[in-house]
Amino acid sequence: MYILLADSEGGKVTLTPLDARGEAQAETNLVDRTNLPEAVRDRESRNSPRWVWDRAQNWYPALLEAKVSVERCHDLALCRPILAGSELTLETDYPRDFVPIEEPLDTAPRGFFNPNQQSLFDDLDQASRKRGPESTELIAELRAQLEAVSQSKNPQRLQLLLAAESAGALIAAEMQHSGVPWRTDLHEKLLEETLGPRPDSSALGIQRPAKMEALLAELREKLGGNPFNPDSPQELMRALHRAGIEVKTTRSWELQQSKHPAIAPLLAYKKLSRLFSANGWSWLEQWVKDGRFRPEYVVGGVVSGRWASRGGGALQIPKQVRGAVHADPGYKLIVADAAQLEPRVLTALAQDSKMAEAAQDHDLYAGIAAQGFGGDRAKAKIALLGAMYGATTGESGRLMPQLARTYPQAVGLVEAAARAGERGEIVTTKLGRSCPPPSERWLQAQRSTTEQEQRWADNLARSRGRFTRNFVVQGTAAEWASCWLAELRRGLRARPGLGAELVFFLHDEVMVHSPESSVEQVNELIEGAANSAAELIFGKVPINFPVSIAVVDHYDQAK
DNA sequence: CAAGGTTGCGCG
DNA sequence: AAAGCGCGCAACCTTG
């Protein structure tokens, strides 16, 4: 059922078979680290166990490198904080003072297993790898986690959450391994067309690309000819004020309000500057190797359970450069995103039947608009987003009462989450992930006495209310997305002949790199996985979670 | 001069 | 401070 992997003496690894409660089942095997991939492959093919390890990130990249993949795992380090913080385990013995599971790697060179840098560290790999936790320690942790789930208020949901999270750990490693297909030549062409030729980095001084220099010259001239550094907000602000442009910040949206002739070149400069520094030539050199962008994903890196990423800005690939994300010859990129995921999640959470009617429409916002906003889609969208984010002023705030009248259930749910957060309580997603409790500082502020302090405390309370309001929706949406991803992976593994690979995931969007001949079948898997995810989390509910699928050659053709 | 904070902007 | 949630990163700027 389970096999636990742990470091042992002298470069050996223990494989410990365990039963469903984490009790040792058969004898422990000791294998040499170099023989581990073979051993894993063998056990995997025989009975497809659930692999247990301190963290997938410490084991799985090396297995993938050796062309060994596994179906299922239990990632102790990912599951621990979920259980320690969950409202559902409050009455269990699982310790709530969350201490992260020790990281066995030297953390100094970040992304140690990052394939982008592996060549630099190949020799150090074995030598500097500190031993991970002992198997006895890990077995005890597994038992404690399994017991916490079974004693919890809802074992099924927590079990699903932990399984989805662990599947996420596998998928993250696999996607990092495969990488996003990236055409360096197309990216360079874009850079050259937009910025001019690559500046010579061997020359001294600041090197701006030609088109940035040209815009800068124009900008300086229109601001009166004084030299200043446009990349310094302070200097830029002074230069603008000298020219009589009275702005409070140098943000683009605010600059846009002004009609001054300097504004156009300034905004253009900012745009180019962003491309140059965030996704320019040095980004390409650092992150794209052999036609693949291999970001490091941090599963559960966001409080709400969303993934984060480290290095390369993987979750912020600008629309501008998406043309460089390009399918290989004979392949397509299948880009699928869940349509209006968060409002649909809210509908299911609140079991708001009126909103469920609106959700019959593939375009939920259009459905809402038809029901209560005179067909004005933009208004409906602003109102709904405002409800989920906690808007109080502006157009969004004004639309709230109207929304609350039409959808008392849905609005009531987020309002209740907000009030709980303001009181300092924790709130919980559908599958049992709870938000962090308020900090000591926050609690202390709430006990303050003077009027001024109390105003600040109210401010903090409202701010926490907006956080908890959004947490239940964003967190449950993240759970839906994890299940979607895991179900899709399962489908793809069951049909290896398709030759399709998951290569990218972004909150509510997945990208599959698929041979052209497999596209139709992959699309079916994607839609099937979405239905499965909805049913796993919410059961049989009359709310659909449609996905929009684009089959393209390059990413900027999607949406 | 390294560490940490702020500004601004990219993404959902 | 673009009305309201969640992030990462580069560059500038301040602090120790």
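Below, read A as the first sequence line, B as the second, and so on, with proteins coming before strands; counting in each chain starts at 1. Reckoned from all heavy atoms, side chains included, excluding hydrogens, waters and symmetry mates.
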- Query: Which pairs with one or both residues in residues 180-191 of chain A pass side-chain hydrogen bond (donor to acceptor under 3.5 Å, both in side chains), sequence neighbours excluded?
  - Reply: A:Trp182-A:His187, A:Arg183-A:Asp185
- Expected list for residues 273-282 of chain A near DNA chain C, using heavy atoms below 4.0 Å, is A:Arg274, A:Ser277
- Query: Heavy-atom contacts under 4.0 Å between residues 422-440 of chain A and DNA chain C, which residues?
  - Reply: none
- With sequence neighbours left out, what residues match A:Arg489 under side-chain hydrogen bond (donor to acceptor under 3.5 Å, both in side chains)? A:Glu174
- Item | side-chain hydrogen bond (donor to acceptor under 3.5 Å, both in side chains) partners for A:Ser273, two or more places apart | none
Less than 3.5 Å apart, which donor and acceptor atoms pair up between the side chains of residues 164-173 of chain A and the rest of the protein, not counting sequence neighbours?
{"unit_1": "A:Glu165", "atom_1": "OE1", "unit_2": "A:Arg433", "atom_2": "NH2", "d": "3.0"}
{"unit_1": "A:Ser166", "atom_1": "OG", "unit_2": "A:Asp75", "atom_2": "N", "d": "3.1"}
{"unit_1": "A:Ser166", "atom_1": "OG", "unit_2": "A:Leu162", "atom_2": "O", "d": "3.0"}

Anything under 3.5 Å between a donor and an acceptor, one on a side chain of residues 456-473 of chain A, the other on a protein residue two or more places apart or in another chain? List them.
{"unit_1": "A:Asp458", "atom_1": "OD1", "unit_2": "A:Gln454", "atom_2": "NE2", "d": "3.4"}
{"unit_1": "A:Arg464", "atom_1": "NH1", "unit_2": "A:Gly421", "atom_2": "O", "d": "2.9"}
{"unit_1": "A:Arg464", "atom_1": "NH1", "unit_2": "A:Glu425", "atom_2": "O", "d": "2.9"}
{"unit_1": "A:Arg464", "atom_1": "NH2", "unit_2": "A:Glu425", "atom_2": "O", "d": "3.4"}
{"unit_1": "A:Arg464", "atom_1": "NH2", "unit_2": "A:Pro436", "atom_2": "O", "d": "2.8"}
{"unit_1": "A:Thr468", "atom_1": "OG1", "unit_2": "A:Ala417", "atom_2": "O", "d": "2.9"}
{"unit_1": "A:Thr468", "atom_1": "OG1", "unit_2": "A:Arg464", "atom_2": "O", "d": "3.2"}
{"unit_1": "A:Thr468", "atom_1": "OG1", "unit_2": "A:Gly465", "atom_2": "O", "d": "3.1"}
{"unit_1": "A:Arg469", "atom_1": "NH1", "unit_2": "A:Ala387", "atom_2": "O", "d": "2.9"}
{"unit_1": "A:Arg469", "atom_1": "NH1", "unit_2": "A:Glu415", "atom_2": "OE2", "d": "3.4"}
{"unit_1": "A:Arg469", "atom_1": "NH2", "unit_2": "A:Glu415", "atom_2": "OE2", "d": "3.1"}
{"unit_1": "A:Asn470", "atom_1": "OD1", "unit_2": "A:Gln474", "atom_2": "NE2", "d": "3.1"}
{"unit_1": "A:Asn470", "atom_1": "ND2", "unit_2": "A:Met388", "atom_2": "O", "d": "3.2"}

Please write out the pairs of protein N or O atoms and N or O atoms of nucleotides 14-16 of chain C separated by less than 3.5 Å, giving the distance to one decimal.
none

- Message: Under 4.0 Å from a heavy atom of chain A: give me the 5'-most and 3'-most nucleotides of DNA chain B that qualify.
- Response: B:dG8 to B:dG12
Pairs under 3.5 angstrom only: tabulate donor-acceptor contacts from the side chains of residues 399-412 of chain A to other protein residues two or more places apart or in another chain.
{"unit_1": "A:Gln402", "atom_1": "NE2", "unit_2": "A:Gly372", "atom_2": "O", "d": "2.8"}
{"unit_1": "A:Thr406", "atom_1": "OG1", "unit_2": "A:Gln402", "atom_2": "O", "d": "2.9"}
{"unit_1": "A:Tyr407", "atom_1": "OH", "unit_2": "A:Gln371", "atom_2": "OE1", "d": "2.6"}

- Query: When all nucleic acid strands are considered with a 4.0 Å heavy-atom cut-off, which category describes A:Arg322: base, sugar-phosphate, or nothing?
  - Reply: sugar-phosphate
- Of all residues at least two apart in sequence or in a different chain, which pass the ring-ring contact (aromatic ring centres under 6.0 Å, His included) check with A:Trp484? A:Trp480
- Query: Can you list the stems that DNA chain C is part of, where a stem is at least 3 pairs in a row, each Watson-Crick or G-U, with both distances below 3.5 Å?
  - Reply: B:1-12 with C:5-16
